[in-house]
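Keep in mind the model is a prediction, meaning the values are calculated, not measured.
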Amino acid sequence: MRENIHPKYNETVVKCGCGNSFTTRSTRKEIVVDVCNVCHPFYSGKERFVDSGGRIEKFKNKFAGNYASLSKKKKK
């Protein structure tokens, strides 16, 4: 095996948007995630929408009314 070609393997702190943090090992010093096992709906059993940019509301507004491309065309 060749020496001095592999990246450093450090102890890493993983931080979630919910405030949870835990340590693991990686080549990075710190990892920031949006969803972890504490706040993810699959693991917590609670339904929660993760919407960072208002995408859910934008989608609902776009398709709430009469949207032209979704209406069925009449055959002549």
Correct closest heavy-atom pair for Cys16 and Asp34 would be SG-O, 3.6 Å
Could you tell me which residues satisfy side chain to side chain contact (heavy atoms under 4.5 Å, CB included) with Val14, sequence neighbours excluded, listed by chain and number? Phe22, Thr24, Ile31, Val33
Summary of side chain to side chain donor-acceptor pair (under 3.5 Å) pairs that have at least one residue in residues 1-14, sequence neighbours excluded: none
